[in-house]
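Below is one structure, written out as structure tokens; comments come after it.
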Amino acid sequence: MAENKMTWLLAVWIVGAAGYLIGVIYFPTPWLSAHFVDVLLFAVLAVLVAMFPIKMKNSSVVLFQGVSLATFLQFGLLAEILVTQLAVLSSLVLLRVKKSESYRYLVNSVMFLCTSTSAAAMYWIAGGSLTPVMEGSLSLQLIPVLIYFSTYTIFNHSFIYVFRNFVLHRPVPYLTKDFYWELTLSGLKVPFGLILVFLFNEVGTVALFYVGLPFLTLALMLKLYYQADETSIYLEKVNMIGYELSTSLYETQIVQLFSKKIRELFPVDILQIYDVKDNVLSIYWADRFDKNHLPCSLIEGDTISEAVLKTRQSLLYTNASEWKENILTEQFEECEAVISVPMYRGGELGGVLTLASKEAHAFKSDHVSIAEFLANYLNVAIDNARFYEQVKEESETCALTQLYNYRYLEEALHNKFMQARAFKQYLTVLLLDVDHFKAINDHYGHEKGNIILRELALLLQKESPDHALVARYGGEEFAVILEDTNECEAIATAEQLRQKIAHTSFTIASDLTTNVEEVSVTASIGLITTIPDDDHPLSLLRKADRAMYIGAKQAGRNKVSVFGSLEHV
């Protein structure tokens with residue numbers, strides 16, 4: 001608070017002192033009292049024009065410089081400084097400058113003071129009259145006027161460029177789209193200023209109405225045009241985000257992409273996505289971004305999102321004073337602006353998207369519609385990803401045992417093979433076949449045989465190491481892939497599985513009676529452990545299969561055999 005007061009005092013002191021000196025040097029007579037009403041009317045017109053700033057990406061373009069030019073030509077430099085300072089102050093107030101950026105009042109005030117004096121100096125050097133029109137003739141030289149306004153525009157832009165790049169350390173190029181816009185609009189400001197001066201000297205103060213009203217209308221139209229253009233750009237970005245979300249196939253990837261893209265549109269500090277089930281909110285995704293845009297966890301629940309759940313209507317708060325007095329939301333304690341919108345799924349409310357920013361007025365009314373579009377895009381993308389993952393899982397999973405099937409096994413083995421070869425690590429393929437399983441099917445029936453296969457699959461998942469991949473190879477054969485496991489460890493794992501299977505009784509109930517029968521099975525296991533070279537991944541399956549049949553099956557079954565030695569354990 002003390003810093004803000006000092007900023008204001010310093011700005012008033014600098015501008016006031018400079019204005020006083022200029023008044024003493026160039027206007028020792030009490031000219032201001034004689035023309036006070038006229039200067040005041042020019043100031044009112046400048047302030048009215050400043051009420052329609054055209055907010056661009058990196059700056060705001062205002063058209064009051066046309067009034068400033070007319071004031072300079074009609075009344076002189078001191079009057080132009082007073083009118084410009086009032087217009088600048090009004091413009092900044094309307095732009096709702098944050099407390100943390102109150103330095104902008106001082107910077108802009110000093111900048112326009114320096115700009116005014118520099119442009120006036122160039123005007124006089126180019127041959128412009130030192131005597132204002134009010135004390136002399138109406139003859140104006142066009143070249144000094146053009147030099148005046150060119151100096152005004154270039155000096156103003158250069159000051160902003162230096163301040164941003166070397167004081168705020170926010171690099172921006174010198175030639176930007178905003179600068180070209182400002183140059184284009186200068187083609188309106190100069191004619192407006194000259195027409196205002198000529199007409200003012202012909203018909204008096206009514207000229208301010210004749211010229212000012214059309215210019216105010218034009219300023220409003222340009223503001224609305226740029227807002228429409230800005231909205232169009234937003235919608236293009238929204239459509240591109242929707243396209244990118246639709247091309248992503250995984251749920252986590254979609255939400256991460258959404259979180260990144262929405263921060264490119266809005267100054268978002270907190271993002272929360274809720275699922276709705278049985279009319280209750282549950283947190284689905286929550287990010288709080290620090291200065292490096294790194295997400296961290298949040299506690300669940302906020303009353304703003306709950307209000308959206310109840311009303312099914314979007315909410316917009318542009319600053320904290322609109323909601324903090326009546327709404328207790330711990331997550332948004334440091335925030336100002338908040339948007340919360342419903343997310344519909346198949347006509348039903350499926351979630352709530354809530355965005356919060358530490359910047360007051362960071363969100364506008366048209367941003368609500370954009371957030372609603374994005375929320376619906378996100379909802380559709382998540383649904384598609386869930387469906388894709390479900391179909392993918394079904395296509396890669398054995399319906400009987402719920403283990404991975406051969407299709408998945410083949411792809412996973414290839415990936416693990418390439419990884420092991422790259423890092424020079426051991427890779428083990430273990431192939432297991434249930435002994436005499438045909439006899440079990442013939443005696444108990446295929447349905448009972450399937451029960452044994454399901455229970456055997458559960459056993460393999462439970463007894464295999466945590467990092468192992470267990471899959472159904474086909475029929476009564478199963479595969480286990482072990483990463484970064486040497487041959488001795490692999491043999492020990494295979495032997496442990498073999499013994500566990502041999503000592504496990506599988507319960508089978510009779511279809512015709514209430515009798516329950518305990519069935520025991522054994523398994524023959526072949527394995528190969530190697531550091532992969534230029535061999536093909538599927539060759540490991542063939543070698544493990546060879547070890548199983550030659551070293552285990554043909555040697556009496558219920559054994560573990562290692563490829564290479566073909567010696568069973």
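Just so you know, these numbers use all the heavy atoms, side chains as well, and skip hydrogens, waters and symmetry mates.
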Do the charged groups of E336 and K358 touch, with an N to O distance under 4.0 Å?
no
Counting C-beta onward and ignoring hydrogens, is there a side-chain heavy-atom pair between S340 and V352 closer than 4.5 Å?
yes
Note, Y317 side chain near I304 side chain (heavy atom, < 4.5 Å)
yes
Tell me, please, which residues at least two apart from Y250 pass ring pair (Phe, Tyr, Trp, His ring centres under 6.0 Å).
Y388
Whether S118 side chain and T115 backbone form a donor-acceptor pair below 3.5 Å
no
Can you name the side chain to side chain donor-acceptor pair (under 3.5 Å) partners of S158, sequence neighbours left out?
Y174
To the nearest 0.5 Å, what is the distance between CG (L271) and CZ (F258)?
6.0 Å
Side-chain donor-acceptor pair present, N201, Q74, cut-off under 3.5 Å:
yes
Any non-hydrogen side-chain atom of L73 less than 4.5 Å from a side-chain atom of Y148?
no
In chain order, what residues pass the ring pair (Phe, Tyr, Trp, His ring centres under 6.0 Å) check against F42, with sequence neighbours excluded?
F75, F200
Does any part of the side chain of E306, heavy atoms only, come nearer than 4.5 Å to the side chain of L281, both counted from C-beta?
yes
Would you mind checking if E389 and K392 are paired as a salt bridge, meaning a charged N to carboxylate O distance below 4.0 Å?
no
If you define the side chain from C-beta out and look only at heavy atoms, does anything of F112 sit under 4.5 Å from Q65?
yes
Side chain proximity check, L265 to V238, heavy atoms < 4.5 angstrom
yes
So how far is it from E244 CD to Q253 CD, rounded to the nearest 0.5 Å?
10.5 Å
Partners passing ring pair (Phe, Tyr, Trp, His ring centres under 6.0 Å) against F155 (at least two apart in sequence or in another chain)
none
Would you say the side chain of L315 lies within less than 4.5 Å of the side chain of V338, judging by non-hydrogen atoms?
no
Minimum side-chain heavy-atom gap L349-R312 below 4.5 Å
yes
With no hydrogens and no angle check, do the side chains of T354 and S305 hold a donor and an acceptor under 3.5 Å apart?
yes
Looking at CD1 of I254 and OG of S246, how far apart are the two atoms once the value is rounded to the nearest 0.5 Å?
9.0 Å
If we ignore angles and hydrogens, is there a donor and acceptor under 3.5 Å between the side chains of T71 and E80?
no
Sequence neighbours excluded, the answer for side chain to side chain contact (heavy atoms under 4.5 Å, CB included) partners of I143 is I147
Scanning both residues in full, the closest heavy-atom pair of L77 with A120 reads CD1-CB, 3.9 Å
Per-pair distances, 0.1 Å, donor-acceptor, side chain in residues 370-377, under 3.5 Å, sequence neighbours excluded:
residue	atom	partner	partner atom	Å
E372	OE2	S314	OG	2.5
N376	ND2	E372	O	3.2
Y377	OH	N239	OD1	3.1

Under the criterion side-chain contact (heavy atoms from CB on, under 4.5 Å), I'd like the reasoning laid out for L355 against L353: C-alpha separation, chi angles, the key distance, then a yes or no.
CA-CA 7 Å; L355 310 173; L353 169 66; 3.9 Å; yes
Mutual orientation of the aromatic rings belonging to Y152 and F149 [parallel < 30°, tilted 30-60°, perpendicular > 60°]:
parallel
Donor-acceptor check, side chain of S357 to backbone of P267, threshold 3.5 angstrom: yes or no?
yes
